[in-house]
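To start, the structure itself, in structure tokens.
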Amino acid sequence: MAGRILIDLFMTLDGVAQGPGGIDEDTSGGFRFSGWQAGYPSSGMGETVSQGMQQLDALLLGRRTYDIFAGYWPQHTEGPSGEIGRLFDRVPKYVATRDADIDLSWKGSVRVGDDLAAEIAEMRAQHHEVHVIGSIDFVHSLLAAGLFDELNLWVYPILLGRGKKVFDDGALPSVLRLLEPPIVDDSGVMLLRYGRTDRVPEVGTFED
């Protein structure tokens, strides 16, 4: 059975996924809310994030997210809190960029992006679950080409009004399937898990 490509994103209620984790993560375009997730109480979602990574055996990341991860996770691999760092350190890391001079010194890192469809097909043949985390600019390319199997959205009850959104005008028209009932924690953060289907949106007119 071919492996799956899973997209994991933290986003606001109005669809913004830019710079959730830190004040310097992504301020491009004059975005002034980078780090919006860090300031929001959400005690119940850490376990769902960890559970969702249990089958992960490869990462597929955009250039900006890779640089952030490479600068952070190799230094956070010790003790019980280093579980995710050890996982990321261990698995192959595919970096989608056309920059042939990118620093790939984090062990297990390789560049992709010259022929993304073919490269993803090869990943499916080699891995069980390839996770795309963050990487919103790269996610736009995957959504436009339909190159994913599952979309996991942690939706925060926050409105920012501006910033890079998950769904831009280039997303491939398609019908998604809810894979399980939504999970909601006590602060109102919701996990929505959707799978791709072969269906496309149908149009028509409601009649009496």
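Since we're looking at a predicted model, the values are computed, not measured.
Taking all atoms of both residues into account, the shortest heavy-atom contact from L13 to P157 is CB-CA, 4.5 Å. Pairing each heavy atom of I7 with each of F148, the nearest pair is CD1-CB, 3.7 Å. Of all heavy-atom pairs spanning H128 and D57, the tightest one is N-OD2, 2.8 Å. Between E25 and P20, the closest heavy-atom pair is OE2-CD, 3.4 Å. Here the shortest heavy-atom pairing between M190 and L192 reads SD-CD2, 3.5 Å. Closest heavy-atom contact between G79 and R86: O-NH1, 2.7 Å.
The line from OG1 of T65 to CD1 of I136 is 9.0 Å long, rounded to the nearest 0.5 Å. The structure places CG of L87 at 10.0 Å from CD of Q54, a figure rounded to the nearest 0.5 Å. The CZ atom of R111 lies 7.0 Å from the OG1 atom of T97; values are rounded to the nearest 0.5 Å. For the atom pair CD of E150 and CZ of R177, the computed distance is 9.0 Å after rounding to the nearest 0.5 Å. The CZ atom of R162 sits 11.5 Å away from atom CG of D14, with the distance rounded to the nearest 0.5 Å. To the nearest 0.5 Å, atoms CD (Q18) and OG (S34) are separated by 7.0 Å.
Annotation: side chain of K107 is not in contact with side chain of P74 (no heavy-atom distance under 4.5 Å). For the pair Y194/L179, no side-chain contact is recorded, criterion being any heavy-atom separation below 4.5 Å from C-beta on. The closest side-chain heavy-atom distance from S174 to V200 is not below 4.5 Å. Between M123 and P92 the shortest side-chain heavy-atom distance does not fall below 4.5 Å. For the pair I133 and M53, the minimum side-chain heavy-atom distance is below 4.5 Å. At least one side-chain heavy atom of F88 sits under 4.5 Å from a side-chain heavy atom of L56. In this structure, the side chains of L6 and D149 stay at 4.5 Å or more apart for every pair of heavy atoms. Side-chain contact between L176 and R196 is present, with heavy atoms from C-beta onward closer than 4.5 Å.
Remark: the backbone N or O of D169 is not paired with any side-chain donor or acceptor of H140 at under 3.5 angstrom.
For S109, the side-chain hydrogen bond (donor to acceptor under 3.5 Å, both in side chains) partners two or more places apart in sequence, or in a different chain, are Y66. Evaluation of the side-chain hydrogen bond (donor to acceptor under 3.5 Å, both in side chains) rule for S105 yields D103 as partners, not counting sequence neighbours. Scanning for ring pair (Phe, Tyr, Trp, His ring centres under 6.0 Å) contacts around F10 gives W154, with sequence neighbours left out. Residues meeting the side-chain hydrogen bond (donor to acceptor under 3.5 Å, both in side chains) test with W106, sequence neighbours left out: D89. Scanning for side-chain hydrogen bond (donor to acceptor under 3.5 Å, both in side chains) contacts around D24 gives an empty result, with sequence neighbours left out. When the ring pair (Phe, Tyr, Trp, His ring centres under 6.0 Å) test is applied to Y72, the partners found at least two apart in sequence or on another chain are H76.
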Test side-chain contact (heavy atoms from CB on, under 4.5 Å) on F33 and V16; report intermediate values, then the result. CA-CA 10 Å; F33 294 109; V16 176; over 6 Å; no
Evaluation steps, side-chain contact (heavy atoms from CB on, under 4.5 Å), between R64 and D67: CA-CA 5 Å; R64 184 191 298 271; D67 287 343; 5.9 Å; no
The test is side-chain contact (heavy atoms from CB on, under 4.5 Å); show your working for D185 and L191 and say whether it passes. CA-CA 9 Å; D185 77 355; L191 169 59; over 6 Å; no
Where do V91 and H127 land on the side-chain contact (heavy atoms from CB on, under 4.5 Å) test, with the steps shown first? CA-CA 10 Å; V91 303; H127 302 287; over 6 Å; no
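For D8 and H131, the side-chain atoms include at least one donor-acceptor pair closer than 3.5 Å.
Grouping the Ile, Leu, Val, Met, Phe, Trp and Tyr side chains by contacts below 4.5 angstrom, directly or via other members, places V155 with F167. Connection of L178 to V175 is not established within any shared hydrophobic cluster, with ILVMFWY side chains joined at heavy-atom distances below 4.5 Å, either directly or through further cluster members.
By the neighbour-count criterion of 12 heavy atoms within 6.0 Å, atom CG of D198 is sparsely surrounded, having that number or fewer from other residues, nucleotides or ligands. Applying the 6.0 Å contact sphere to CD of Q126 captures more than 12 heavy atoms from other residues, nucleotides or ligands. Within a 6.0 Å radius of CD in Q75, other residues, nucleotides and ligands contribute more than 12 heavy atoms. The number of heavy atoms from other shown groups lying within 6.0 Å of CD1 (I23) does not exceed 12. Heavy-atom contacts from other residues, nucleotides or ligands closer than 6.0 Å to CZ of R32 number 12 or fewer.
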